[in-house]
Structures are given as structure tokens and as C-alpha cells.
J.: 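Handing you this structure, nothing more for now.
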There are 2 protein chains.
Amino acid sequence: MKALRVIKSDLELAEVGVPAKGDECLVRVTKSGICNTDLEIINGYAGFEGTIGHEFVGVVEESADLPEMIGKRVVGEINVGCNKCALCKSGDSRHCAERTVLGILGRDGCHAEFLTLPARNLLEVPDQISDYEAIFAEPLAAAYGITEQVEISPDTRVAVIGDGKLGILCAWSLALESKRLILIGKHRDKLRIAENENVESVTLENALKLKRSFDVVVEASGSESGFETALDLLRPRGKLVLKSTFHGKSKWEAWRIVVDEITIIGSRCGIFSPALNLLKDKKVDVEKLISEEFLLHDSIKAIEKAREKGVMKVVLSMDR
Amino acid sequence: MKALRVIKSDLELAEVGVPAKGDECLVRVTKSGICNTDLEIINGYAGFEGTIGHEFVGVVEESADLPEMIGKRVVGEINVGCNKCALCKSGDSRHCAERTVLGILGRDGCHAEFLTLPARNLLEVPDQISDYEAIFAEPLAAAYGITEQVEISPDTRVAVIGDGKLGILCAWSLALESKRLILIGKHRDKLRIAENENVESVTLENALKLKRSFDVVVEASGSESGFETALDLLRPRGKLVLKSTFHGKSKWEAWRIVVDEITIIGSRCGIFSPALNLLKDKKVDVEKLISEEFLLHDSIKAIEKAREKGVMKVVLSMDR
């Protein structure tokens, strides 16, 4: 099968064998989405080698443990735990110390014709959700997962910084909880895509007039300046949700956190089922975020496209 | 009266008038404690000019609003709010945007013969508490205030980093809540002072064998390396309480916060009454932390002493 792989810092579309399923399910991938994390991995983040990609929809072809899964259309939680530790036994493998992560850590990903995942990681996709919507289950879960960590009520004043895909998904999903949310970005074209009846958008320069007024600020711009803007916008004792994994060492003024008693909350993966419910009920129009679609055999070009300025989600469709 | 003042970056023991009380209380200071924040202010932090010092015990000499306060032995909450905003009306002026802070922000402090504070800031000191103990009300409130922000139960695994005065006060007071607390420091002499039946101490090199095992880590060392150690020690989804206000821009690896979904909680001032209860009930032996006592007229020497390596709390006694 074809697979988009990073080997020794080189990206290549390789011809490899269909993965052995072992006691996992074999999934034929239908479509996958290119995430900024894929681009970071290509740039060397975390030293991952193998097939990249962690946003997908597919169909189960083989399942030893659960034959009733065969033929189902599925998405998959990306963290695969040891299934033995206390965390895994509580049903949440996201922080299992032994975990592998689809296309990110110790496990081949989804920009390929096939992948394997344990049956417990797979969720059937309701008929109301298109394949194009389903590939957003993972990033939407990551965005809406903020509500697992921070209480957001209709009166909570929320600012989301960053008008990329993740920022917009955060804004859309959190605006279902807060009636006082704004999205802050630098790109008027992206902000226009983001705006809906719940989400008001503001350019960065106008946002800075709103200093010290937000209960919760979500930093999803992936930049050091975004972090400083977040501190400017928060009220004392406000909460800063750190969503983007910018690498290398950044500078920060720790004393500001202490004096204003700010809480910073690191936020990575969410759980899928609430996100699938949002998609099923058409609460968020994720298809608006798709910029372009490529066939898997053009996936090198697709990555180049995903790197272009102004491009949002690039989708891979598996050619067969 | 004599007052220890910072004027245009110079420290001087000045002769100034007794402050006009206005609608506040006039307090004759009995003893005061030198805090590391005093040393930072002398070094130019926050551009404060005036009389420094914010840890004191004294006796009320004049009180227009509450004559029954006259003659009482008191300590004082250091944040003075506007008394009009929502925060102040809720009884908590610590984050009032218009606040002044004793000896730190817009208000003369306590290394002087007299100070003024509003009656609402003053708390009578129970007879069981000595003057030497009473000057620890402020730093002990700051340490024990962590329990206002983070739930600490007997089973919570807590590490406190930093064997200075603040770190030790954090360790002593939090060990009244957690039965699984360790104090981490570099100085065996200080760690020996800190150890008691609740607090086990560990040197830094031994602490690093305990990576990823703590629910809560309190960073009270005031150093960048302390922050990195804290990240090393925390379990995924653990809580890092940031207690010390190191200035300037530090470097940090924001992605670690995101991947392990760490929560960082800035923590500044606590409320006094729980701290006074700890002192009254002899739950913490704060007098062990006193290194030396000076008369106010020797306060320049006292500051030099406080700067010396290995010196803990330096006390000023007001000469009259």
C-alpha cells in the first residue's frame, strides 16, 4: 500500500506492506486531514519516524475481537494506552506513560491506505456526518475538550487568539457554551470564514483595547506574541488555556502570572464522542474550513499546499 | 520618625514626619520582618519609591472610625483596595485594580516607627502569638493561601521546591494538609531547619529520581531552574503553583505544559485569619526561621545581613 512517511527527516510517499492487525482492527482509510502537527513532525518535532497523520475516517476491514465492527464507518481516538495502568483502566489513555499516538509517537498514522487501531479506540460515525466532516472529529474533540478542563458558562467572557484551523474550531465549539466569546486574529479572510451568529471576530489591534477583561483566553496562535497578548487580555485570576505546541524555548514573564494569580492550563486531546455529537447535530460547519483535496498519490503536493499562507484544511482522499 | 526608604534607587534611613492618618488607623510599629521582596524592591523592582516593608506587628495609636481599636496589638493585610469595586465589596481587595500595597505599591511600608492602614485591614493578634511570631502572619498567609487555590488532601503528593523562608513556610503549612509532602532544596543547613515530623526534606539531586510522580509542585525557589525541576517532578495533569516573582523574562518550554496538560497557578497573597489560627495553635514554629534582629536605626546593616547567603529572616525592632 501507499503511505506518506517521514524517514530520517525526509518525507516520502512509500510503498509498504499492509500493516499486520495483531489483536487490533484493520481500517481501510477513506479520507484524512493534514494537521499543523503533521507539518511540525516533518520539521523534526519529537523525532517521529513512520507514517504521519492522525485525522481520518475509514471503514473496518478486519477485527478479530469484535467481528461486528467489520464494515462500520469509523473515526479513531489517537492515544493507544497500555490498557493495564490505572489511567487506562479508568477509560482514559490520553496520559498513559506507555502510550503510542497515531502518526505522532511510536505508531504509524493515517496518511496511508490502511491503519490499525484497537477496537476500543474506534467510534462508529453516525450517518448524518459526511466523510469530510468526520475527519474533523479529532481536532474538534481537541478544541471542545477545553470544556472538560475549564468551566464555561453563558456569561463567561472568552477570547480565542489565533485564526488558524484550531483557533476557529475552539471559537466555534466554545461559543456553543459562552454567549460572550470573541475570536482574535490577524487575517481578515480567515476571520470572515470564522464568523457566525455566535462568534464575533476582532483584529489584534482592536483586541488590545479590551485589556484585563476576559475570564478565559485560549491561546491557539502558536506564537510567543499570542501568549503575551493572552496575558494582556486576562482579568486578574483569569484562566489561560494553552492549546498550541510551539517548540523550542520561549520567553515569558513569570512574575505576571504570580502578581495577577493567573492560571495556565495546558490542553491537548479531547474525547471524541462530544465532538461527534456536535457534528451530528450540525452545531459547527467544519466543511467551511476545507481549502483543497488531493489524492493520496499527490500527498507530497498536498503537504506543500498545507504549508502555504492562507490555506486552511487540506484533505487527502485515498485512491484505489 | 525614622523610616527605611528607597528614593531614586538609593536606600536610606530617613527622618520623616509621622504619617497623617486621614480616615485610616495610625499604627506604632513594634517589629517588622525583612522579606526577599524588600530586597527586590531595593534592586528596582516595580519602581517603588518610599518606605519599604510589609511584614509587621504593631499597636494602634489613633483610629477615627473605630476608637475601640486603639491600644490593640495588630497585624495588617497589605492590599488596600478602593472599597468601591465589586472585588472590594466582596471583601477581597487583593486584585482591586486601584489597590495600593504596603511598602510595595503606592503606599509607605512598615520599616518605620509608624504606618497607616484602614481599620478593615487590621487584625487583632491573639495573646498566644508572640511579636516574633506575628511578623510571620503575612508570609505564612501567602504560603497557606495556596490551599485557597489548590485542593490538598492527606493523599495529595506535594513537592515544595526552595529552602528559603517562603519555601519552608509553604512546606510547613501545606504539610498540615498533605501527609505526602517533601521539601526540595540545595542547602543542607536550611533543610535541617525545615524538617519536622510532617516535612521530609530531599536534596535536589535525589529529588530528580522522583520524576513525574507529584500531584502538586510548589515552585518557591525563585529560579528558572526551579521551574524546570517542577515540570520534571509533576505527573501528567499535575498542578504547578508558581509562588516566587522572579523578574525579567525567563525561558520555558510551553509545549511541555500542553503535552502533559499541566496547570500552572500563580499565587501571591493569602488571607490572614487562617495564618493567625496556625500561629495561635502553634502548628508552625516560625521563630526557628529568625536569623538575627536589628534596631531600626541599624536597618541599613540589617538589609546587608538579609542579603547574605544562608541568612533566613532578619527582624527589625523599632527603637524608641
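Below, each value reflects all heavy atoms present in this structure, side chains not excepted, and no hydrogens, waters or symmetry copies. Naming: A, B, ... by sequence-line order, numbering from 1 per chain.
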J.: Counting heavy atoms not belonging to Lys239(B), are there more than 12 under 6.0 Å from its NZ?
T.: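 Open.
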J.: Please report the interatomic distance CG(Leu240(A)) to CD1(Ile264(B)), rounded to the nearest 0.5 Å.
T.: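 One finds 9.5 Å between CG of Leu240(A) and CD1 of Ile264(B).
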J.: For the interface with chain A, which of Ile265(B), Val258(B), Leu87(B) has the highest count of heavy-atom pairs at distances below 4.5 Å?
T.: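 The residue among Ile265(B), Val258(B), Leu87(B) with the greatest pair count is Val258(B).
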J.: What orientation do Trp252(B) and Trp252(A) show, parallel under 30°, tilted 30 to 60°, or perpendicular over 60°?
T.: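 Answer is parallel, since the angle falls under 30°.
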J.: To the nearest 0.5 Å, what is the distance between CZ on Arg268(B) and CG on Asp260(A)?
T.: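 Reported to 0.5 Å precision, the distance equals 7.5 Å.
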J.: For residues 89-108 of chain A, give me every residue with a non-hydrogen atom less than 4.5 Å from any non-hydrogen atom of chain B.
T.: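 So the qualifying residues are Asp92(A), Arg94(A), His95(A), Arg99(A).
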J.: For Lys243(B), is it the side chain, the backbone, both, or neither that has a heavy atom closer than 4.5 Å to a heavy atom of chain A?
T.: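 Backbone only.
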J.: Counting only heavy atoms from other residues, nucleotides and ligands, does the tally under 6.0 Å from NZ of Lys179(B) exceed 12?
T.: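 Yes - once you tally the heavy atoms of other residues, nucleotides and ligands closer than 6.0 Å, there are more than 12.
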